[in-house]
Every structure is written in C-alpha cells, then in structure tokens.
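Structure first, then comments.
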Amino acid sequence: MSSSDSDDPGLTTITVKQLQTVPRPRFTQASDSDSDDEDQPLAQKILQKRKAAPILAPAKQPPSALASDSDSEDDKPLAQRSRPQPSKAVPKPLPARRASTTAAVAAIVAATSDSDSDDDVPLAQKVKAPPTKRPAQATAPKRKPAAHNDSSDSDSDVPLAKKVKSNSNTPAKKENGRVVSTPGKSTTTTSKAKITASTSKATATKTNGKVKVKAESKKSPGSDEMDEEEEGEEYKWWLEQNANDTIKWTTLAHNGVYFPPEYVPHKIPLVYDNKEIALHPEAEEIASYYAQMLETDHAKNPTFVRNFFKDFRAILNRVQPGHPITDFDKCNFTRMYDHFEKLREIKRNMSKEDKQKLKDEKDAIKSIYGFATLDGRKENLGNYNIEPPGLFRGRGDHPRTGCYKRRVRPEDITINIGPKAKVPPPPPGHRWKNVIHDNKVGWLAMWRENVNDQFKYVQFGATSSLKGQSDLKKFEKARNLKGCVDTIRRDYMAELRDKSMAIRQRATALYLIDKLALRAGNEKGEDEADTVGCCSLRYEHVTLQPPNILVFDFLGKDSVRYYNAVPVDDQVFKNIRIFKKPPKTEGEELFDRLTTTGLNNHLKSLMPGLSAKVFRTYNASHTLQEELKNTPANGTIQEKILAYNRANRRVAELCNHQRAVGKAFGTQMEKLQDRIRALKYQRQRMALQLAALDPKYKRKHPAFYTTEGGEEGEANLSPEWNLAHERDLTAKERVRIEAKFEKDNAERKARKEKPLGKADLQAKLNEAVTRKEKLLAKDKLPSVKEFPPLSERSGNLTERLASGIDKITDRIKNTLLQIEDKDENKTIALGTSKLNYNDPRITIAWSKKHGVPIEKSFTRTLRDKFKWAMDVVAK
DNA sequence: AGGCAGACTTGGAAAAATATTG
DNA sequence: CAATATTTTTCCAAGTCTGCCT
C-alpha cells in the first residue's frame with residue numbers, strides 16, 4: 001500500500017483520518033464481545049497490496065494508457081480470476097425465502113381492496129392474493145398533483161387504501177419545475193433555467209457543435225436504410241462543455257406514441273372438461289395470451305398459471321357470468337394454440353413481397369413515432385411503441401408472474417412535450433391523461449403499468465445526444481474513481497476493523513462490491529422475486545470456508561445465480577463470521593446496519609458523484625483494459641479478435657452476466673466435433689498417401705498415423721466412424737453426380753442438343769463412386785490412392801500433399817479454437833458488458849493500435865451509440 | 001433517518017436480420 | 001434458393017439511485 005500511496009495523484013479529497021473520526025454508533029447486542037479481541041491476532045496488517053492501477057486513463061488523457069504495459073500481477077483487482085468455478089456448473093436450489101410476515105399489512109390491504117367499488121378495477125388485482133404490499137392497483141395512479149390536470153382524471157376510482165395513505169401528500173408535491181398542461185405558462189424556475197440553458201447551448205452549437213459528417217451509408221447495394229441519412233450536419237454534442245445537466249431540453253417536439261392494434265377475436269372455443277365453450281371476446285383475448293405460451297416454461301410455472309387463471313376467471317365472471325370454468329386442469333387450450341401455430345406458420349411462409357410490405361409498414365410507423373425533435377435536432381427514440389397487453393412475464397419466482405397486463409389507453413398516458421410544440425392528438429375519441437412540459441426529465445410519454453404499478457416511459461434512444469451525454473458522464477466518473485480508488489481502498493481496508501459495527505459492515509460490503517463487482521443490493525418488497533445484491537445479502541447467502549474462503553451463493557438481478565468461492569482478506573473473513581454470529585440465523589440480513597443509501601452517502605463523501613455501481617463500471621473497464629494486454633501483437637486479425645472476445649469474456653464473468661444455454665447447443669457442438677473428425681480423416685488419408693511416396697514423412701509426423709495421442713493427432717477417429725463417414729461422403733458424391741447430370745441434360749435440352757443417356761451417367765458413377773460403394777458394402781475403406789484424386793494432375797504430388805496436410809491442420813486448429821470459444825461462451829453473455837460497462841474508448845483505442853477494424857468488435861448500433869468515443873479517440 | 005415516488009440504467013430472452021451451408 | 005446457424009436488435013423486466021417528504 002504505502003508505496004502506491006505516494007503516487008497517488010492526490011485526487012482524493014478524503015483521508016483515512018477523517019473517516020476515523022466518524023462518530024461511532026454502539027455495537028449491537030450480541031456482537032459486542034468479539035470485535036476487538038477478534039481482531040487482535042491479526043498479524044497480517046498487511047493490507048492487500050494494490051498498486052495504482054495503470055488502468056483507465058485518467059480523465060482527459062487519451063486512452064493510450066493501453067499501450068503501456070506495466071502490468072503487475074497484483075494489480076488485477078478483480079477477484080474473478082481466482083474464481084474456482086463457473087457458476088453454471090452448480091445448478092442448485094435456492095436458499096429459503098426470507099422469513100417475514102406481513103400478515104398485518106396483507107390484512108389491511110385485503111380489507112381495503114375489498115371495499116373499492118368495482119368497475120374499473122383491473123381484475124387482475126381483484127382476485128389477487130392478499131400479500132400485496134403496495135396495492136398494485138393500477139387504477140390508482142398517483143395523480144399528478146398539478147393544478148389543471150383535473151380535466152384528465154377520468155379515473156375517480158382511486159382505491160381507498162391509496163387515498164387514505166396518500167391524500168396528504170397530494171397537493172404541491174413535486175411541483176417544482178414541472179409545468180402542467182398550459183403551454184406558454186411555466187414556473188419561474190423552469191423558465192429561468194430554460195433561458196440560461198438555451199442561450200449557452202445556442203452559442204456553443206454555433207461555434208463548434210456542428211460539423212460536417214458523412215452519413216455512414218456504406219451498406220450493401222439495395223440496402224434500404226431508408227433515406228434517413230440526414231445529409232449534412234451532425235451534432236457533436238461531446239464537443240461542448242455542457243453545463244447544466246438537470247435541464248434535459250429547451251425545446252421538445254414529437255408525435256406522441258404508437259398504440260398496438262386492437263384485439264381481433266378468432267372465435268375459437270376453449271375446450272373445458274372436453275366440451276367446447278365459446279368465450280366472450282374479452283375472455284378469449286386473455287385465454288389466447290396463455291394459449292400462445294403453452295409451449296414455454298411459463299406455462300409450466302405454477303405461479304404463472306395460478307395468476308393467469310385467477311385473472312382469467314375474474315374476466316369471465318364479469319363478461320360471461322354463469323360460465324362453468326372453475327378448474328384449470330380441465331381447460332384445454334390446444335385448439336387455440338394450434339390456431340396460433342398455424343398463423344405463425346403462415347407468417348413464416350409469407351412471400352417475400354408480403355414480408356417486405358410488412359416491414360415497410362413498420363418503417364412508416366417508425367418514421368412518425370420513432371423520432372423526436374430535441375432542441376431542434378431530430379433524434380432517435382428508444383421505445384415508441386406502447387406495450388401491448390399480455391401476461392406479465394416476471395422472472396424467477398416473481399409472485400405476480402402470469403398476471404394480466406392490461407391494455408394501455410390514451411387516458412393512462414401522460415405526455416411530456418415542449419410548451420411551444422404542438423401536442424400530438426390522442427386517438428380519436430380519446431384524450432391523454434395529462435400533458436406536461438417538464439424539461440427536467442427526458443421522457444416523452446409515461447404511464448403506469450397495472451401489474452406492479454410501475455412507471456413506464458417512452459424515452460430517447462441510446463444513440464441520442466441525451467443518452468450519449470449521460471453515458472459519457474458515467475465513464476468519466478469511472479475514470480475519476482480510478483484516480484482515487486487507491487485511497488478509498490486503503491480507507492475501507494482500515495475500516496474493516498473499526499469499532500463501530502456499522503462502519504465495519506460498510507467497509508466489508510464495500511470490499512465485496514469493489515473486489516467482486518457485486519451490485520449495491522437495494523431492499524425489495526414481498527411482492528417481488530426474492531433476489532439480493534451486496535447490501536441485502538442474508539445469512540444463508542455466504543458461507544465460511546476456513547481459512548479465508550467465502551462461498552457466495554445467491555440469486556442476483558433477474559434471478560441469475562451468483563456462485564463464487566473466493567479467498568478474501570483475513571479481516572473480511574473474520575468480519576463476515578462476526579456478522580453471522582448467533583443469534584443471527586437464516587433469513588436475516590448479513591449487513592443489518594447497512595443500507596444502500598447509507599453506503600452511497602458515504603461514497604459521496606469520498607468522491608463527488610460516487611455510488612456503488614461506479615465500482616462495477618470501473619472494475620469492468622479496468623479488467624477489459626488489462627486483459628487486452630494479452631493481445632498477440634503479431635497475431636492475425638482472427639487471433640486478435642479472439643483475444644478481444646476473451647477479454648470481454650473476463651469482464652462478463654466478473655459481472656456474472658449469464659445466459660441460458662441454447663437449446664441446440666449440444667447438437668451444434670457435436671456438429672463441430674464431426675467436422676473435426678472429417679478433417680482428421682481427410683488428413684490421415686493424405687498422410688498415408690504421402691507416406692507411400694515419401695517414407696521419411698511418416699517418421700517426421702507420426703501423429704498423423706495413429707489414433708493415440710492428443711488433439712493434435714488423429715485421436716477420436718475410429719474405424720466405425722471412418723466407415724460411416726466414407727459412406728456418407730460417397731452417398732453425397734453420388735447425389736451430386738446425379739444432380740449435375742440432370743442439370744447438364746436440362747441445359748443440353750435448352751440448347752436443343754441431344755441429352756446424354758443412362759449409360760453416360762452410369763459411366764460417370766462408375767468412375768467416381770461405384771467401386772467405393774462396393775468396398776463399403778463389405779465394410780472396407782477405399783484405398784488411399786483414390787484420395788485425393790489429384791495424382792494425375794501436374795506438379796509435385798508430394799509437395800502438394802504436404803501442403804494440403806498443412807492446410808487441413810490449420811483448419812483443424814481453427815475449428816478447435818471455435819469449439820473452445822463456443823464452449824467458453826456457453827453460459828456467458830457478452831452483450832451487457834459491451835453495452836453498459838466497457839468504456840468504449842478502450843475498445844476503440846485497442847482497435848486502432850492493433851489494426852482491427854472497429855466493425856469487428858462493435859456492431860452498427862454500438863458504433864452509433866459510441867460515436868462520441870470514436871470521435872474522441874481519433875484525436 | 002427512513003420511506004417512497006420517480007426517473008433512468010442495466011439485463012436476459014425473444015424476435016428479427018444476416019450469414020452460412022447444403 | 002431454402003434451410004439453418006449466428007449475430008444483432010428489440011422488448012420490457014428489474015435493478016440503481018436521487019430527492020422529497022414526513
């Protein structure tokens with residue numbers, strides 16, 4: 001540590017001292033005893049050494065840092081390389097669910113929800129089991145407390161529960177800066193901000209913001225691309241020193257949102273108890289959503305089924321009272337399923353023209369709704385389509401998975417738009433819930449979804465300047481962290497033995513977040529899947545394996561399992577033992593004195609803007625940069641790309657980005673193996689032929705003549721396989737000859753020539769395959785002389801065989817590499833880290849340094865998203 | 001000091017688009 | 001050219017984190 005301290009550029013603003021003076025809360029109960037004594041024996045005061053990472057170039061500086069190879073082993077901060085075992089290998093049941101009771105809450109909710117008068121209540125909710133913490137009642141969108149939004153709320157059906165709870169906060173809430181519905185009128189704050197923003201931006205734009213740029217249209221010939229290539233000027237927002245980022249826009253115009261088409265009934269009955277039951281269109285709709293998922297895992301998930309059926313029955317009860325449907329097991333959805341299968345089939349087989357037409361329609365919609373005008377520039381939107389109704393596909397064991405997600409109506413939607421812009425008209429006969437002009441937010445439309453009562457937004461796309469700016473900001477923050485991470489590490493290492501349990505927990509958690517790239521881990525509700533992050537880890541998620549190994553096993557975001565057995569600092573190990581001390585037991589929080597807010601507040605004091613997730617970004621980018629140093633400087637492009645993917649993979653491993661193994665994985669792998677066998681067989685035959693010409697060759701390359709030995713040799717060839725393979729080849733050869741014969745004859749016919757007769761065909765076959773076939777019928781392989789059939793051609797046969805063998809050897813090596821790559825990638829998803837964690841400047845600089853075209857590592861969208869980085873690195 | 005609304009980033013799966021192969 | 005395999009994009013769920021409001 002000490003050594004590196006001195007190199008610390010002094011970016012840090014907070015010192016250890018300061019931290020130590022933090023007032024310490026008393027220890028909690030039982031844990032008191034241990035603390036100090038436990039620490040004493042700690043001989044190793046030696047904090048894990050971490051040198052100043054050569055990593056991310058300090059902000060400002062071009063990412064040339066890549067070039068300097070000063071890697072010292074211990075500087076790889078990321079534990080992951082020591083991870084003993086990929087998580088995939090350990091499929092395992094999950095820990096018990098948190099023991100907690102919300103009976104009281106549940107009771108209250110149940111009681112209140114009963115009281116509300118039907119009607120608009122989304123049935124989903126109605127039937128729902130009691131344990132809902134928030135009344136998921138969608139219908140109770142917190143109304144914008146705004147002055148005039150009265151007009152909008154048709155929904156007077158706010159459930160009591162909510163009303164009672166929140167009535168007090170209604171007025172004046174979050175009104176700051178938000179202007180509602182009256183163009184031309186705005187609060188003072190807003191308008192002021194607006195003015196400043198607009199002036200500064202305007203000038204900046206004039207000066208350096210606009211630059212000529214060629215539209216990147218090099219795409220293939222008729223490649224559509226619509227003519228969206230905005231000729232001419234492109235806005236380079238990154239050239240501006242942008243001031244205020246709480247103001248997201250000064251002018252904003254758009255065309256609103258696109259609604260999915262109405263449901264069209266198909267009139268296919270549900271088979272219930274072996275009898276057909278015609279469904280009311282509304283009931284049919286939701287039944288259809290389920291039917292379409294019949295073959296998915298969802299349909300086999302009991303929670304999903306239960307939730308779906310509850311909501312389905314609620315609708316049935318409403319629209320066709322007296323229906324007999326009470327038992328899910330008596331429902332047979334296959335008629336509907338078949339219907340949808342048929343539709344899919346039809347769609348698959350649609351003619352090219354029809355497909356094109358469909359696409360054109362989509363593009364037309366996109367051209368209207370897919371863009372917005374932000375400060376006078378046309379920019380891409382992310383999602384302009386309103387989400388269609390369906391069954392909520394909650395992941396993991398989400399308590400509400402399968403619930404009916406109801407159709408979003410214009411009356412649910414709040415539009416955010418510039419005060420001067422024309423408000424897009426709602427569909428005829430409808431109106432918007434509300435129209436606001438809030439330039440402190442970046443969304444264009446918002447609604448609340450009914451299943452979980454969550455906010456949904458229509459926002460700008462990743463390629464927009466708005467998102468680009470915050471992306472850049474994110475990576476800059478990570479670079480800043482680079483400058484002070486040493487100090488921060490030193491500090492938390494010291495705090496690992498702090499007298500205050502709260503501080504100790506904080507330091508321990510931070511250690512884990514830094515070393516293992518864990519997520520912060522906010523608290524979650526009872527009505528969500530039980531997943532955790534660092535701060536919410538529970539007793540059962542970490543086990544101790546002396547002397548210093550912690551075994552993590554928990555479900556993280558999206559219910560992806562995190563399994564990792566990792567050696568940690570002795571004091572960390574000790575601390576975890578303390579935090580797990582009885583009477584603490586399963587179901588209780590490991591860090592019971594720590595919240596994400598508390599942790600982040602502390603981080604803010606160490607570096608402006610620092611929060612837990614910055615460590616993930618920083619460590620990911622750092623890992624990428626370090627791993628890229630393994631790129632073979634003299635390798636081929638192919639090899640370099642492989643190295644890049646490897647580095648990328650390390651990052652994904654660190655971040656635990658996993659994916660489901662594809663259904664066809666096994667088959668695909670087997671295919672590759674077969675390809676290798678075929679190559680080896682070919683090589684062996686050539687080698688035998690060569691040996692006949694040149695006996696010395698065999699002595700030099702004994703591996704080619706045996707099935708012994710490793711991958712390099714002819715291992716995994718067997719006489720049986722060889723025979724089968726040769727039969728296969730021969731059969732294919734025959735087919736090919738026959739096909740060619742037919743074709744030739746057709747051509748002759750076209751030229752009015754006399755077609756060749758059967759005899760000609762037979763002659764050809766005789767020459768090429770008949771003899772082989774006879775041998776094969778007797779389970780014999782054809783002579784090597786017949787393979788390859790190049791003996792009569794010119795040139796030195798020996799040489800040609802030798803070089804042919806070399807070529808095959810190369811191909812084998814390549815395929816082997818491909819297999820390895822595929823296998824390593826089996827459960828690892830690279831996309832997320834590429835998109836969100838790796839500083840694009842690192843990749844771009846690497847690309848330049850190694851002469852690898854950027855298209856090889858960044859897809860078109862990525863290149864678009866990271867335009868700013870390409871431009872910056874270029875300089 | 002803790003709870004929650006709100007907004008925005010991150011994440012895996014599925015769909016769509018392309019590339020490869022037979 | 002059709003059928004498959006692979007890559008890229010879209011979709012929307014599930015996190016993080018800030019700022020208000022008691």
Side-chain angles (χ1 to χ4, degrees), chain A residues 133-134 141-142 144-145 165-166 168-169 172-176 178 220 223-224 246 248 296-298 344 348-349 352 355 358-359 362 382-383 385 387-388 390 392-396 398 400-401 405 416 438 440-443 446 448-449 451-457 459-462 466-467 470-471 474 519-525 528-529 531-533 535-536 556-560 595-601 603-604 609 611-614 616-617 652 655-660 662 664 667-668 671-672 732 735-736 739 822 829-837 858-862 864:
Chain A
K133 188 146 96 200
R134 317 166 190 149
K142 273 270 168 77
K144 303 272 126 104
K165 220 161 70 187
S166 63
S168 57
N169 71 3
K173 200 184 157 194
K174 73 158 170 213
E175 245 338 308
N176 11 17
R178 180 164 285 187
S220 52
S223 160
D224 48 333
T246 65
K248 308 276 173 138
T296 68
D297 287 347
H298 291 296
R344 280 172 58 178
R348 227 192 341 263
N349 296 331
K352 221 167 188 180
K355 276 184 183 159
L358 232 52
K359 189 165 177 279
K362 239 173 100 185
N383 56 323
N385 288 324
E387 293 176 18
F392 173 68
R393 294 148 114 102
R395 313 215 244 254
H398 191 120
R400 293 223 251 265
T401 190
K405 188 168 77 163
N416 186 32
D438 184 353
K440 296 217 179 29
V441 295
W443 52 264
M446 180 271 279
R448 285 185 102 156
E449 154 269 355
V451 176
N452 295 291
D453 200 26
Q454 307 218 44
F455 295 75
K456 298 280 192 170
Y457 301 93
Q459 287 174 298
F460 279 98
L466 205 62
K467 299 290 187 192
S470 53
D471 216 33
K474 171 181 75 184
R519 296 188 186 85
N522 285 311
E523 287 302 322
K524 294 190 72 185
E528 301 172 271
T531 62
V532 298
C535 292
S536 50
K557 181 176 179 179
D558 289 307
S559 293
V560 171
T595 63
T596 50
T597 317
L599 176 62
N600 281 338
N601 283 340
L603 292 176
K604 292 265 154 347
S611 66
K613 84 190 200 39
V614 182
R616 232 165 121 80
T617 313
C655 294
N656 199 230
H657 290 144
Q658 298 193 254
R659 62 174 184 169
T667 345
Q668 291 166 0
K671 234 174 215 171
L672 284 174
K732 278 183 183 144
V735 168
R736 221 188 52 224
K822 193 180 172 84
L830 303 186
T832 301
S833 46
K834 225 178 201 179
L835 194 66
N836 300 305
Y837 289 104
F858 281 169
T859 66
R860 209 196 122 90
T861 342
L862 241 31
D864 249 1

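Chain A is the first sequence line, chain B the second, and so forth, proteins listed ahead of strands; every chain is numbered from 1. Side chains are part of it too, since the values below use all heavy atoms of this structure and drop only hydrogens, waters and symmetry mates. Predicted model, so just to flag it, every value in this text is computed and none were measured.
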- Within the distance-only criterion (no hydrogens, no angle test), does the side chain of A:K467 pair as donor or acceptor with the backbone N or O of A:Q459 below 3.5 angstrom? no
- Item | Interatomic distance, A:K440 NZ vs C:dT18 P [rounded to whole Å] | 18 Å
Below 3.5 Å is the cut-off: list the nitrogen or oxygen pairs between protein and nucleotides 11-13 of chain C, distance only.
unit_1: C:dA13; atom_1: OP1; unit_2: A:K405; atom_2: NZ; d: 3.0
unit_1: C:dA13; atom_1: OP2; unit_2: A:K456; atom_2: NZ; d: 2.5

- Message: Donor-acceptor pair, distance only, cut-off 3.5 Å: does the side chain of A:T401 make one with the backbone of A:H398?
- Response: no
- Query: Think A:K671 has a side-chain N or O under 4.0 angstrom from the OP1 or OP2 of C:dA5?
  - Reply: yes
- Message: If you only use heavy atoms from C-beta on, which nucleotide in C:dC17, B:dA13, B:dT9 is closest to the side chain of A:R659?
- Response: B:dA13
- Query: Residues two or more places apart in sequence or in another chain: which of them pass side-chain contact (heavy atoms from CB on, under 4.5 Å) with A:K405?
  - Reply: A:E387, A:E449, A:N450, A:V451
- Message: Need to verify one output field. Residue with the more 5' nearest nucleotide on DNA chain B, A:Q459 or A:H298?
- Response: A:Q459
- Query: For A:R659, what residues pass the salt bridge (charged side-chain N to carboxylate O under 4.0 Å, His left out) criterion, not counting sequence neighbours?
  - Reply: none
- Message: Which is more 5' along DNA chain C, the nucleotide nearest A:L672 or the one nearest A:V614? Just name the residue.
- Response: A:L672
- Message: Counting only side-chain heavy atoms from C-beta out, which of B:dT10, C:dT4, B:dA13 sits nearest to A:Y837?
- Response: B:dT10
- Message: Please confirm whether the shortest side-chain N or O distance from A:T596 to OP1 or OP2 of C:dT16 is below 4.0 Å.
- Response: no
- Message: Are the side chains of A:C655 and A:T832 in contact, using a 4.5 Å heavy-atom criterion?
- Response: no
- Query: Given C:dT6, C:dT18, B:dG12, which nucleotide is nearest the side-chain atoms of A:V560?
  - Reply: B:dG12
- Message: Please report the distance, rounded to the nearest Å, between NZ in A:K834 and C1' in C:dT9.
- Response: 14 Å
- Nearest listed nucleotide, side chain of A:N522, among B:dT10, C:dT6, C:dT16: C:dT16
- Item | Any A:R519 side-chain nitrogen or oxygen under 4.0 Å from OP1 or OP2 of B:dG11 | yes
- Query: Which residue, A:T595 or A:K613, contacts DNA chain B at a nucleotide closer to its 5' end, judged by nearest heavy atom?
  - Reply: A:T595
- Query: Taking the side chain from A:K613 and the backbone from A:A520, do they hold a donor-acceptor pair closer than 3.5 Å?
  - Reply: no
- Query: For DNA chain C, whose closest nucleotide is more 5', that of A:G556 or that of A:T859?
  - Reply: A:T859
- Of the nucleotides C:dT9, B:dA7, C:dT16, which one has an atom closest to the side chain of A:R860? C:dT9
- Message: On the nucleotide B:dG12, are OP1 or OP2 found under 4.0 Å from the side-chain N or O atoms that A:T832 carries?
- Response: yes
- Note on the structure: d(A:S611 OG, A:K604 NZ) to nearest 0.5 Å is 5.0 Å
